[in-house]
Each structure stands twice: as C-alpha cells, then as structure tokens.
Amino acid sequence: MPELPEVETIVNGLRASLIGREIADVTICWEGVIAKGRGHSSPSADWLRQRIRGQRILDIKRRGKYIVFALSGGDSLIFHLKMTGRLLVRLSTAEMDRYVRMVFHLDDSQQLRFADMRKLGRVYLVDDAEAIVGTLGPEPLADDFKLEDFAQILRRRSGRIKPLLLNQRFIAGVGNIYANEILFAAGIHPLRKADTLAPAEVEALYHAIQRVLRQAIAQRGTTFDGAYRDAWGERGQHQESLKVFQREGKPCPRCGTPIARITLGGRGTYFCPRCQK
DNA sequence: CTAAAATCCTGGTGGC
DNA sequence: TGCCACCAGGATTTTA
C-alpha cells in the first residue's frame, strides 16, 4: 500500500533512470488500467498509444500518492498505485514481472513496467495535471505547510481525527499505515474529534506527521505483505519500525499495554489505549 | 455537515 | 485435501 514515503522513494528511483528518455512505444496488457474520465468515455488504448509515442520524459514528481510525469508534448502522464501497484524500471531483456498491466518501451533498451496484482491502480494521460491532482490538500513535507494553517483547518472540522488524516483533500499522501503511526507518535486517540484538540495536541500532531513520514522515507518505505517495491523491485525497511500498525495484542513499545484494534471508516485502526487519549 | 456502505480487485486465510 | 466465504484497503460515489 504505497503512501507518501513509498511513492517518494519510487519517484526518486524513477528520476535516476528515466529523465530525458523518449517513450518509443507502449504495450497495454489490460485496458482497464487506463483511468475513466469524468462520467463518460475513457480514452482508448489506441488513443493513448498514438498520443504518447515520441514524447520525452522531462520531469517526474510526486503529488500526494500520485506520480506525475511531465512530457515534452505538454501532456502529463500520471499514475496512482492504489494498493498493489508497482512501477518497475527493467532492461527490456529482463524476464517479465508478474501482473504487468502496461509497458513503456524507452529509447535506451529500458522498460518502465506498471504491475498491479489487484488491478486497482490507474494511469492517466491528460493535458493538465491539475485536473487530476488539483483537489489534493497540502503537502505535509513542503515548506509552505505551516502549523497555523493546519490548526485553523482542524478547528473547522467536527469529524474524527483518523478518517480526516486519510482524507486526501485535507492532507495529501497519508494512508492507513502512517495515519495509525502518526496518531501514536502524537499520543492522540483515533476517535478524537478534530475540533476538540488542544493547541499542544495540534502541535504534537503537526510535528508527528512530518517526523513519521520523514523517518519512513529514510527507511525507503514500508513493505507489508510483500506489496510495496521501489523502482528496482526492492523492499523498504520501515516495517521493522512500526509501533502499532497490525500489532493488535502486542505490547505498546512505550508502556507495554496491549495494542488495541477497532474498525473506523472501514479501516483497521490500531492504537495504545493508555498512551493515546 | 458527518458517516457509513458500496464499488472495484485478487491472493491469502480460516472454517468446515 | 478441497471448497468457499471473507478480508485487506485508496479513492470515489452513493445513501442515510
């Protein structure tokens, strides 16, 4: 389940190999990988192939959990990996990976392969990236993510804090693993209402978001159930550092109380009933 | 406004 | 050993 730290790690790997390359051709192994447009028809495989061939990769950036390629023709090629998606850079002679849905043939004997066991991930080719990523909330690791702005948004929210952390319009890039870990690091109970957090709690949450995400990036992300891989197919290391996620019944690393699990918004929610108030 | 449920998917798991 | 129901969850859409 690639979240911000995993996507950041993947993008850094992609940049190292793909900037400046031309997309010579595309093979679409499963047409459903192409995202549907708003309401009506989704672009066809033929349309996408004709449009993308010959365009050069100028830049690759992360926005939330999206991966955005800026192409020389002015288009943006955008990926969302959802649960099990992988973007893999391979030599074209390398054995094909499992569950590959789309292959980008590059001008230097490399391939970019989009693999996705569960078929939830999608590819977009658009002339304006904002049409896809424009509704996302602030980037929590950007310089312009300020405590005062964060506090003001929280004050206007009456819902529970954990589903709010997962809302991409509120903050971009936090998923279920890190929402659990962030709330533990901040000592805040997942059922707390956002507008009841005291100023000191808001500040603790603000710093926990950045600290937890930065540490996970330093460890190249979390590989759980073997799902996430970086651009070379390698695992992350942060699963060794998880404090509460999928640790129901195991002792809290701070106080020893067994970690509790509830379902909240349909998601597994893990916390220490003693440390998180 | 919040919140829950349904939707898309398939490998792994637990029950019988 | 085999079959099957069910679970996991990111984001969107629908329903209450």
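It should be emphasised that the depicted structure is a prediction, and the values quoted were computed from it without experimental measurement. The chains referred to below are lettered A, B, ... by the order of the sequence lines, with proteins before strands, and numbering in each begins at 1.
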> Is A:Gly268 touching bases, backbone alone, or none of the nucleic acid, heavy atoms closer than 4.0 Å?
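Sugar-phosphate contact only - A:Gly268 comes under 4.0 Å of backbone atoms but never of a base.
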
> Between A:Arg261 and C:dC7, is there a side-chain N or O to OP1/OP2 distance below 4.0 Å?
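Answer is no, no contact under 4.0 Å.
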
> To the nearest Å, how far apart are A:Leu81 CG and B:dC9 P?
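Distance, rounded to whole Å: 17 Å.
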
> From the set C:dA8, B:dC1, C:dA11, return the single nucleotide nearest to any side-chain atom of A:His80.
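Selected nucleotide: C:dA11.
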
> Among A:Val100, A:Leu88, A:Leu81, A:Val103, find the one that has a side-chain contact (heavy atoms from CB on, under 4.5 Å) with A:Phe114.
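Running side-chain contact (heavy atoms from CB on, under 4.5 Å) over A:Val100, A:Leu88, A:Leu81, A:Val103 with A:Phe114 returns exactly one hit, A:Leu81.
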
> May I have the distance from A:Leu120 (atom CG) to B:dA6 (atom C1'), rounded to whole angstrom?
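Computing the A:Leu120:CG to B:dA6:C1' distance gives 14 Å.
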
> Take atom CH2 of A:Trp30 and atom P of B:dT10, then tell me their distance rounded to the nearest Å.
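A:Trp30 atom CH2 is separated from B:dT10 atom P by 7 Å.
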
> Please state how far atom CG in A:Leu166 lies from atom C1' in B:dA4, giving the value in whole angstrom units.
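The answer, rounded to whole Å, is 15 Å.
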
> Between A:Arg169 (CZ) and C:dG10 (C1'), how many Å, whole number?
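To the nearest whole Å, that distance equals 14 Å.
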
> Say whether A:Gln239 and A:Tyr228, considering side chains only, have a donor N or O and an acceptor N or O under 3.5 Å apart.
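No - no donor-acceptor pair under 3.5 Å links their side chains.
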
> CZ of A:Phe114 versus P of B:dC9: gap in Å, rounded?
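My rounded result for the distance is 13 Å.
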
> Between A:Arg192 and A:Glu201, does the salt bridge (charged side-chain N to carboxylate O under 4.0 Å, His left out) criterion hold? Intermediate values first, please.
CA-CA 11 Å; A:Arg192 285 286 298 282; A:Glu201 292 176 318; 2.8 Å; yes

> Using only modelled atom types and a 3.5 angstrom limit, is any donor from either the side chain of A:Arg267 or the base of C:dA8 paired with an acceptor on the other?
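In this structure, the two groups form no donor-acceptor pair.
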
> How do A:Met117 and A:Lys82 order along DNA chain B: which one's closest nucleotide is nearer the 5' end?
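This one resolves to A:Lys82.
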
> Determine, using the 4.5 Å side-chain heavy-atom cutoff (strictly less than), whether A:Ile209 and A:Leu242 are members of one ILVMFWY cluster.
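Yes.
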
> Reckon A:Arg122 touches a base, only the sugar-phosphate, or nothing at all at heavy-atom distances under 4.0 Å?
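Sugar-phosphate only.
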
> Please give, in whole Å, the distance from B:dC8 P to A:Asp116 CG?
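So the CG-P distance, A:Asp116 to B:dC8, works out to 16 Å.
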
> Using whole Å, report how far CE of A:Met83 lies from C1' of C:dT12.
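In whole Å, C:dT12 C1' lies 15 Å from A:Met83 CE.
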
> Determine the contact category for A:Arg157: base if any of its heavy atoms lies under 4.0 Å from a base atom, sugar-phosphate if only primed atoms, P, OP1 or OP2 are that close, otherwise nothing.
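The answer is sugar-phosphate, as A:Arg157 gets under 4.0 Å only of primed atoms, P, OP1 or OP2.
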
> Choosing from B:dT10, B:dA3, C:dG9, which nucleotide comes nearest the side chain of A:Lys119?
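Side chain of A:Lys119 sits closest to B:dT10.
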
> Can the positive tip of A:Arg86 be found less than 6.0 Å from the middle of the six-membered ring of A:Tyr99, inside 45° of the ring normal?
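No; the conditions do not both hold, so A:Arg86 does not lie above the ring face of A:Tyr99.
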
